[in-house]
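All ligand and atom numbering here is 1-based and tracks the order in the structure.
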Amino acid sequence: MLSKSLTQTFTPYPWQGNEWETFSNLLDTGKLPHAVLISGPGEIGKRQFAMALAARLFCQSLLDGRPCLQCKGCTLLAGGSHPDFFLLELADKGKSISVDSIRELAEFTTKTPMLRGWRVALIDPAEAMTHNAANALLKTLEEPGRDTLLILVHQQRAELLPTIRSRCQSFLFPVPGQALTIEWLQSNVEVEDYVDLLEKACWRPLRAVRIAGDGALDQIIQIEKVLADVAAGLLSPVLAAEQCKTIPPAELLESVLVQQSNVIAAIVKENGTPSRGHFLFLDQLIVARRQLASKTNPNPQLLIEELLFGWRRLQSQLQSRPQSRPG
Ligand SMILES: [Zn+2]
């Protein structure tokens, strides 16, 4: 089944030039593997890259090696009706990709391509597959049939069966460099300080656009203030959690996670050594994110309180610790 949420633009982002060249070379030399795993942090444009790759395979009149966006192949893909394209994604956030969906995908790969070209199946996010779904995919990954490309998009660090990984060729997409990102941001959002926006977005361009656009920036500023107040002992973790009640727990957690990652990165950049507490708190955040995503934690509010206690504890440790020196 095809989804309406297909990305409308099928060109790679400016910061994906190297990756695009790599894939183009593999394709031109007939070395494109039949299953690829595109892995990397969220909101850096992995899905769009995968769609651009699909468009490149379907396009009937490439322009400088890029999809023309005009031909039958491109048009069908853009309209979400290309018969040789199969997209598996999450219909609702938090749900998983079921074994039945994987069976549909497997059946798709046994059919002859309607347009006598490539068949492309895209699974995004691959980590959303249930254990059974992932196991059901193994056989298709091994023998997907001729002229078939399976693209798995995967959020770095999310769990994925080793047997899935080993059957795909992995490509790690990094967080893009600042220069290209800022240039792109300038033509997409209007803010006063692009570096500040990127910092709040953990250097992920699509997140930067999202938070600049939907008022999330105010929310982040509110979270930063709450964290500062808790750190200074002006606000108890319980009251702080109460104040943040209107913010969805997942977003609150993500903001704190971004901030904590930035803090650690800044210390390392200055040749300092982050304390053990920094990493423990980061671990706590990552575990909490997993719990929230899997809905195994029955009480998100309590989880946020625990996090704020963790944050307070870290700040107390840092305040009582002798100043760390670079070196
Ligand atoms: Zn085309």
Side-chain angles (χ1 to χ4, degrees), residues 1-40 43-89 101 104-126 140-141 144-154 168-171 173 176 180-181 183-185 187-188 205-206 209:
M1 202 180 69
L2 286 163
S3 148
K4 287 279 169 209
S5 70
L6 284 179
T7 320
Q8 293 305 308
T9 320
F10 300 130
T11 20
Y13 285 107
W15 53 86
Q16 294 171 331
N18 289 342
E19 289 83 0
W20 186 254
E21 208 180 306
T22 302
F23 273 93
S24 297
N25 286 339
L26 288 170
L27 191 57
D28 293 343
T29 53
K31 288 179 184 155
L32 189 69
H34 56 253
V36 298
L37 180 66
I38 293 180
S39 203
E43 297 184 274
I44 58 164
K46 300 188 298 297
R47 163 73 76 97
Q48 181 155 322
F49 185 90
M51 292 303 295
L53 186 59
R56 193 194 187 286
L57 294 175
F58 290 139
C59 181
Q60 293 155 349
S61 48
L62 291 170
L63 295 171
D64 289 334
R66 296 195 173 216
C68 73
L69 311 178
Q70 306 282 335
C71 70
K72 190 174 166 188
C74 289
T75 309
L76 283 171
L77 187 64
S81 55
H82 199 297
D84 302 323
F85 180 69
F86 191 97
L87 174 68
L88 260 189
E89 62 180 349
S101 308
E104 273 181 53
L105 182 150
E107 193 177 328
F108 161 82
T109 61
T110 62
K111 290 180 188 155
T112 312
M114 306 270 255
L115 298 189
R116 296 204 197 115
W118 282 84
R119 257 183 323 215
V120 180
L122 169 60
I123 306 178
D124 179 15
T140 309
L141 279 178
R146 271 194 59 200
D147 295 336
T148 303
L149 176 67
L150 295 173
I151 309 173
L152 279 70
V153 173
H154 165 246
C168 300
Q169 189 167 336
S170 290
F171 297 87
F173 281 48
L180 280 174
T181 314
E183 204 183 307
W184 177 81
L185 271 181
S187 52
N188 282 282
L206 304 193
V209 171

Return the set of residues passing salt bridge (charged side-chain N to carboxylate O under 4.0 Å, His left out) with Glu43 (not counting sequence neighbours), or none when no residue passes.
->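 Glu43 satisfies salt bridge (charged side-chain N to carboxylate O under 4.0 Å, His left out) with Arg207, Arg210 only.
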For the side chain of Gln16 and the backbone of Tyr13, is there at least one donor-acceptor N/O pair under 3.5 Å apart?
-> yes
Do Asp84 and Lys72 meet the salt-bridge criterion of a basic N to acidic O distance under 4.0 Å?
-> no
Those residues that, when tested against Ala55, pass side-chain contact (heavy atoms from CB on, under 4.5 Å) (two or more places apart) | Phe10, Pro67, Leu77
Could you walk me through whether Asp64 and Arg56 pass the salt bridge (Lys or Arg N to Asp or Glu O under 4.0 Å) test, one step at a time?
-> CA-CA 11 Å; Asp64 289 334; Arg56 193 194 187 286; over 6 Å; no
For residues 146-154, which side-chain donor-acceptor pairs fall under 3.5 Å, sequence neighbours excluded?
{"from": "Thr148", "atom 1": "OG1", "to": "Arg119", "atom 2": "NE", "distance (Å)": "3.1"}
{"from": "Thr148", "atom 1": "OG1", "to": "Arg119", "atom 2": "NH2", "distance (Å)": "2.7"}
{"from": "Thr148", "atom 1": "OG1", "to": "Pro144", "atom 2": "O", "distance (Å)": "3.3"}
{"from": "Thr148", "atom 1": "OG1", "to": "Gly145", "atom 2": "O", "distance (Å)": "3.4"}
{"from": "Thr148", "atom 1": "OG1", "to": "Arg146", "atom 2": "O", "distance (Å)": "2.9"}
{"from": "His154", "atom 1": "ND1", "to": "Ser39", "atom 2": "OG", "distance (Å)": "2.8"}
{"from": "His154", "atom 1": "NE2", "to": "Ala158", "atom 2": "O", "distance (Å)": "2.9"}

Which protein N, O or S atoms sit under 2.8 Å from the Zn ion (ligand 1)?
-> Cys59 SG, Cys68 SG, Cys71 SG, Cys74 SG
